[in-house]
Number of protein chains: 2
Amino acid sequence: MAPTAGGQGSGARLRSDGLEGQAGSGSRAGSGSRAASSAPAESGSAAEVGQTSSRVSFQTEPARYRHWRLAIEPPVATLAMDVAEDGGLDAGYELKLNSYDLGVDIELYDAVQRLRLEHPEVRTVVITSAKEKVFSAGANIRMLATSAHATKVNFCKFTNETRNGIEDATANSGQTYIAAVNGTASGGGYELALACQHIMLIDDRSAVVSLPELPLLGVLPGTGGLTRVTDKRQVRRDLADYFATRAEGIGGARAVAWRLVDEAVPRSEWDQSVAARAQEFAARSPRPPDGRGIQLTALDKSRSGDSIGYRHVSARLDHAAGEVSITVRGPRQDAPADVRALYHEGDAFWPLAVTRELDDLILDLRTNELELGTWVMRTEGDSQRVLAYDRLLLAGAGDWLVNEIILYLKRTLKRLDVTSRSLIALIEPGSCYAGSLLELALAADRSYMLAGQFEDSEPRAEAAAIVVGDMNLGPLPMGNGLTRLHARYLGDPDALDRVCKQVGDLLLAEDAERLGLITFAPDDIDWEDEVRIAVEERASFSADALTGMEANYRFSGPETMETKIFGRLAAWQNWIFARPNAAGPDGALRRYGTGQRARFDRKRV
Amino acid sequence: MAPTAGGQGSGARLRSDGLEGQAGSGSRAGSGSRAASSAPAESGSAAEVGQTSSRVSFQTEPARYRHWRLAIEPPVATLAMDVAEDGGLDAGYELKLNSYDLGVDIELYDAVQRLRLEHPEVRTVVITSAKEKVFSAGANIRMLATSAHATKVNFCKFTNETRNGIEDATANSGQTYIAAVNGTASGGGYELALACQHIMLIDDRSAVVSLPELPLLGVLPGTGGLTRVTDKRQVRRDLADYFATRAEGIGGARAVAWRLVDEAVPRSEWDQSVAARAQEFAARSPRPPDGRGIQLTALDKSRSGDSIGYRHVSARLDHAAGEVSITVRGPRQDAPADVRALYHEGDAFWPLAVTRELDDLILDLRTNELELGTWVMRTEGDSQRVLAYDRLLLAGAGDWLVNEIILYLKRTLKRLDVTSRSLIALIEPGSCYAGSLLELALAADRSYMLAGQFEDSEPRAEAAAIVVGDMNLGPLPMGNGLTRLHARYLGDPDALDRVCKQVGDLLLAEDAERLGLITFAPDDIDWEDEVRIAVEERASFSADALTGMEANYRFSGPETMETKIFGRLAAWQNWIFARPNAAGPDGALRRYGTGQRARFDRKRV
């Protein structure tokens with residue numbers, strides 16, 4: 001976020017990019033899939049152009065980017081921000097000075113994903129600006145000012161996840177991001193740089209970095225800025241305080257001395273220095289010189305008002321009940337014999353395909369279906385096949401692509417952890433909660449496992465069983481650094497030991513309940529009532545209180561920079577977003593750029 | 001918080017207890033000190049009886065308790081809750097079923113403090129109820145429903161600090177709190193039990209523990225409940241989820257199996273079991289059998305609309321500027337020769353006296369002066385004397401009373417860390433920021449230290465100097481477990497080493513700046529402008545954004561249960577408190593007890 005108010009228009013004309021139904025890319029959804037979403041104004045909020053009547057799509061590809069230029073000269077890729085002013089998701093603002101909205105960030109996310117999975121040859125990614133004198137002015141203020149509360153919060157969550165992904169690529173993929181800040185980076189612009197491993201700032205007596213949100217807009221930096229300044233870059237907190245109240249920013253030697261950037265480079269040495277630094281980081285990367293990337297083809301997705309379907313994942317949307325029923329299907333075929341065969345399957349390889357589908361589903365539901373507050377998850381398939389795929393991944397984890405697929409699954413499961421929806425896992429006969437798919441049940445707020453069979457409908461079905469696999473013991477940690485199993489037994493290490501001894505065993509409901517792996521194990525007689533009541537009850541509660549409770553319970557135990565960003569920082573920001581001093585008619589966010597000063601209630605809370 | 005709506009009255013009649021000017025206890029403030037506080041209704045909020053026109057006082061003593069019965073039979077003290085229904089701070093509610101408001105909690109805080117400092121002979125404190133069938137129904141709901149946002153948040157902060165103090169007594173004073181839950185404990189009632197080391201629940205087929213806030217009120221438990229359930233008692237998170245959605249609570253064996261309580265005891269064995277458990281914990285205490293307590297006499301306090309004065313601390317309130325100028329004075333005499341002499345001084349002993357005054361000032365300003373958003377702190381006195389007192393305390397730390405005084409100072413400084421006001425320390429000639437008092441500057445968001453002298457007014461004064469002492473290196477950690485010095489140099493251990501090597505040295509502005517101990521060191525020419533601009537600028541910013549920024553910056557690095565309660569949990573609760581689903585006219589908090597169901601916006605944010 002930063003000092004550009006963008007355009008002044010307020011019409012309802014919609015841009016074509018990023019909107020479902022015009023996404024192309026093999027989506028089966030035609031324009032017929034555009035559903036009017038119910039969007040009553042929130043109490044106290046004014047007209048909000050951020051409430052579009054079409055769904056946002058998260059699918060794109062480099063050929064369709066409007067805001068980024070991706071150039072690859074191995075081992076370096078350059079991702080240059082070049083935001084199209086008239087390319088906003090909504091028509092109510094202009095994306096001046098490389099300010100961005102969700103549509104710009106969707107392209108960034110796509111680029112980050114493709115660089116990891118399609119480009120083993122890329123070892124350094126340079127994020128820079130294609131504009132003169134400005135790196136990025138951050139999130140577009142008019143977009144924020146006119147967005148509904150939920151839209152702002154969702155936007156920040158997604159942008160945070162993308163920046164965490166950038167850090168994950170640097171830490172775990174040998175693909176290091178460096179920020180070549182060739183002009184002023186304000187607010188979200190500087191926060192994007194903060195997500196990079198190394199920040200170079202051009203030293204031309206005008207370029208600065210800044211976090212002007214507090215003085216100019218009365219809000220916090222929305223993408224981890226405060227936390228990264230103190231916890232990642234370890235700027236002393238009193239200097240950080242001064243910095244975040246100084247709208248005009250800091251550049252040059254002082255920015256280096258305060259640790260805000262790593263180096264300040266004169267314009268005359270700029271290109272050469274950036275290139276040299278990119279090569280240095282590339283030289284340290286373990287990515288294979290001869291790796292072969294796979295292609296991420298368009299998802300095979302169908303979307304209507306009450307259903308979403310992919311090859312391995314489907315969802316039924318029940319707007320009356322406020323519920324989504326999600327089914328994740330296990331592999332239809334046995335796992336390939338080896339990693340070599342995996343390359344042959346490309347993005348059809350089940351673990352990658354199911355992860356991409358789940359990722360897209362989470363983003364679609366989060367952004368487009370705010371009133372569906374409970375996600376009921378089921379799995380269907382053969383547990384042994386799931387475990388075989390897991391074994392293939394774990395055995396081949398030294399391979400860069402296998403590594404990427406596991407990391408992608410990790411990040412997608414983390415999305416669930418920070419999703420503000422109640423997650424309930426149902427474990428029934430025919431399910432395949434084993435290994436990687438068991439994580440869905442472990443991520444859930446509650447799980448229900450049928451003891452025995454459904455006597456009327458399928459009396460001879462095999463009883464539901466779950467299987468703990470090696471995939472549950474390390475490679476898929478939560479944001480707090482713990483596996484979901486570890487977090488589950490935080491107070492009971494003996495219980496964790498007992499579970500670890502049963503790796504690979506089929507655990508029926510009674511065993512699973514005894515081991516504490518599930519919440520409840522009703523039998524056929526109680527099942528329907530118990531599950532129905534749980535779901536109905538959830539829908540009857542305050543949506544906000546549920547969000548707060550889940551955000552706390554899901555992260556017991558240790559905290560990391562990541563959990564602090566999603567917990568502490570985001571919670572404070574949400575509070576500020578909901579307060580009149582920011583979002584009220586006289587609040588700073590709404591008044592910015594109008595020439596009128598904000599009026600503040602000075603009471604400290 | 002819990003299922004009692006209290007009374008229905010809504011008049012403005014004020015109760016006498018806990019209100020400044022009627023507090024007696026040597027307060028010099030007569031009724032003439034009652035200042036009408038400006039209390040414009042917040043946008044979107046309805047009539048709020050919680051906005052009293054008199055100041056709240058935090059001073060009381062056992063003889064004046066209306067809500068608690070304190071009985072001491074060494075080594076056990078019993079603190080029985082017996083809330084007077086008509087004893088609320090405001091007249092708009094009745095405190096039925098041992099529900100409580102701030103006034104009740106002020107008495108609890110007083111009791112906890114006196115038990116620590118006045119009663120070395122008490123080794124176990126049993127918290128129980130003097131009512132039939134009910135332990136405590138938690139915070140009074142009508143009080144919450146009719147309170148302004150800031151009042152709710154302030155109330156939760158103070159109750160949290162008191163419960164943290166209970167845990168501190170258990171962990172560090174050999175004074176173990178056990179909860180004898182002799183009837184249903186709901187919401188805040190159960191949260192009070194959660195702060196105790198050991199929870200006994202009467203097993204009579206009716207008594208339960210519960211956290212009904214979410215299902216009944218659409219808010220979170222406000223006093224650390226969710227965090228303590230998972231992080232302290234380590235209840236599995238899916239069971240915790242079920243528990244916190246089940247308004248009717250859980251009792252008996254299931255409460256034990258789920259770790260919600262430590263034991264369920266039949267009525268026939270109750271008295272005997274509680275007594276036995278109290279003796280068991282007492283037997284493990286290191287508190288001396290022959291210790292002599294000191295008496296906490298009434299504070300010598302004067303209070304008017306624009307000033308607050310004590311013996312060692314004073315404050316000037318500038319309502320126009322939104323600023324408080326606080327001055328803390330160092331000791332007037334040299335430290336006593338030894339710990340024995342310290343006992344002789346009693347509560348006049350400078351470190352104890354200044355801590356009590358600072359504690360009261362923080363609470364007074366926080367509760368009664370919401371619009372004074374910046375606290376500018378100064379010290380005055382002789383650094384060497386401060387250091388001598390510190391040395392006496394550190395050398396005598398094996399003594400139970402010395403230990404208590406250090407712990408009290410620690411808790412008081414922690415109050416600063418979670419105070420939602422901007423803290424600025426000014427370090428001028430004549431100041432005594434040394435050792436324990438240097439913590440004030442280290443707790444500040446920024447510090448300004450004059451380089452040299454004020455040439456016009458005091459050209460020959462000795463230049464300001466600060467001194468790092470051993471008191472800064474361990475005994476006064478923040479809530480995150482780090483010393484303020486350590487937290488300051490989180491990213492720069494070498495700098496911390498350098499500072500540690502200068503323990504005891506007088507550090508002038510230039511040295512202090514070089515070492516990173518202060519923020520800025522302007523000289524006489526720049527001083528006035530720099531300080532004025534900093535303070536004026538602060539007053540011009542959004543109060544909410546400042547609160548959010550400071551809450552994040554003050555706690556970089558590791559997190560503990562305590563910081564999670566004040567950061568993650570409280571931030572989410574504040575957000576929920578500000579949302580229409582809770583506090584709007586149709587929200588759950590406002591609708592509770594009216595017979596009308598709450599109406600929720602189902603959108604998930």
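A note on names: the letters A, B, ... follow the listed sequences, proteins ahead of strands, and every chain is numbered from 1.
When heavy atoms are compared at a cutoff of 4.5 Å, B:Ala444 approaches chain A solely by way of its backbone atoms N, CA, C and O. Heavy-atom distances place no part of B:Leu372 under 4.5 Å from chain A, backbone and side chain included. With a 4.5 Å cut-off on non-hydrogen atoms, B:Ile565 does not touch chain A at all. At a 4.5 Å heavy-atom cutoff, the contact between B:Arg538 and chain A is made by side-chain atoms alone. With a 4.5 Å cut-off on non-hydrogen atoms, B:Arg554 touches chain A through its backbone and its side chain both. Of the atoms belonging to B:Glu369, not a single heavy atom falls under 4.5 Å from chain A. Within the 4.5 angstrom heavy-atom criterion, only backbone atoms of A:Leu442 (N, CA, C, O) approach chain B. Within the 4.5 angstrom heavy-atom criterion, only side-chain atoms of A:Val229, from C-beta onward, approach chain B.
Counting heavy-atom pairs closer than 4.5 Å to chain A, the top residue among B:Thr227, B:Val235, B:Leu546 is B:Leu546. In terms of heavy-atom pairs under 4.5 Å with chain B, the best-connected choice from A:Ala487, A:Ser422, A:Ala495, A:Ser447 is A:Ser422. Contacts with chain B were tallied for A:Pro558, A:Ser540, A:Ala598, A:Ala582; A:Ser540 has the most, counting heavy-atom pairs under 4.5 Å. Note: A:Asp241 leads A:Asp241, A:Thr563, A:Leu239, A:Leu214 in heavy-atom pairs under 4.5 Å with chain B. With chain B as partner, the option from A:Ala551, A:Ala588, A:Ala578 having the largest number of non-hydrogen pairs under 4.5 angstrom is A:Ala551. Ranked by heavy-atom pairs under 4.5 Å with chain B, the list A:Ile576, A:Val153, A:Asn552 is led by A:Asn552. Annotation: maximal heavy-atom pairing with chain B below 4.5 Å, among A:Arg597, A:Glu550, A:Glu537, occurs at A:Glu550.
Counting heavy atoms from C-beta on, the side chains of B:Asn574 and A:Trp572 come closer than 4.5 Å. Between A:Asp238 and B:Arg488, some side-chain heavy-atom pair lies under the 4.5 Å cut-off. When side chains are defined from C-beta on, B:Leu490 does not count as touching A:Thr230, because their heavy atoms never get closer than 4.5 Å. Annotation: side chain of B:Trp575 is in contact with side chain of A:His149 (closest heavy-atom distance under 4.5 Å). Put simply, the side chain of A:Arg237 reaches to within 4.5 Å of the side chain of B:Asp445, judged on heavy atoms.
A side-chain hydrogen bond (donor to acceptor under 3.5 Å, both in side chains) with A:Arg604 is found for one member of B:Asn154, B:Thr374, B:Thr547 and no other, namely B:Thr547.
For A:Tyr553 (side chain) and B:Ala240 (main-chain N/O), a donor-acceptor pair under 3.5 Å exists by modelled atom type. Side-chain atoms of A:Arg568 never come within 3.5 Å of backbone atoms of B:Phe555 as a donor-acceptor pair (strictly under, hydrogens ignored). Remark: side-chain polar atoms of B:Lys564 are not paired, donor with acceptor, to backbone N or O of A:Glu559 under 3.5 angstrom. Side chain of B:Arg602 to main chain of A:Phe541: no donor-acceptor pair is present (N/O by atom type, distance under 3.5 Å, no hydrogens or angles).
A:Tyr242 is linked by a ring-ring contact (aromatic ring centres under 6.0 Å, His included) to A:Trp258, B:Phe520, counting only residues two or more places apart in sequence or in another chain.
With respect to the salt-bridge test (charged N to carboxylate O, under 4.0 angstrom), the residues A:Asp544 and B:Lys603 do not qualify.
Around CZ of A:Arg514, the count of heavy atoms belonging to other residues, nucleotides or ligands within 6.0 Å exceeds 12. With a 6.0 Å radius and a threshold of 12 heavy atoms from other residues, nucleotides or ligands, A:Arg254 has its CZ atom above the threshold.
The two residues B:Ser556 and A:Asp231 have their closest heavy-atom pair at CB-OD1, 3.1 Å. In this structure, B:Ala543 and A:Asp601 approach most closely via the heavy-atom pair CB-O, 3.9 Å. The two atoms that bring B:Ala571 and A:Ala571 nearest to each other are CB-CB, 3.5 Å, heavy atoms only. In terms of heavy atoms, B:Ala545 sits closest to A:Gly218 at CB-O, 3.4 Å.
Side-chain contact annotation: A:Arg446 with B:Thr245, donor-acceptor N/O pair under 3.5 Å present.
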Quiz prompt | Full working for salt bridge (charged side-chain N to carboxylate O under 4.0 Å, His left out) between B:Arg236 and A:Asp492 | solution = CA-CA 9 Å; B:Arg236 222 175 62 214; A:Asp492 196 352; over 6 Å; no

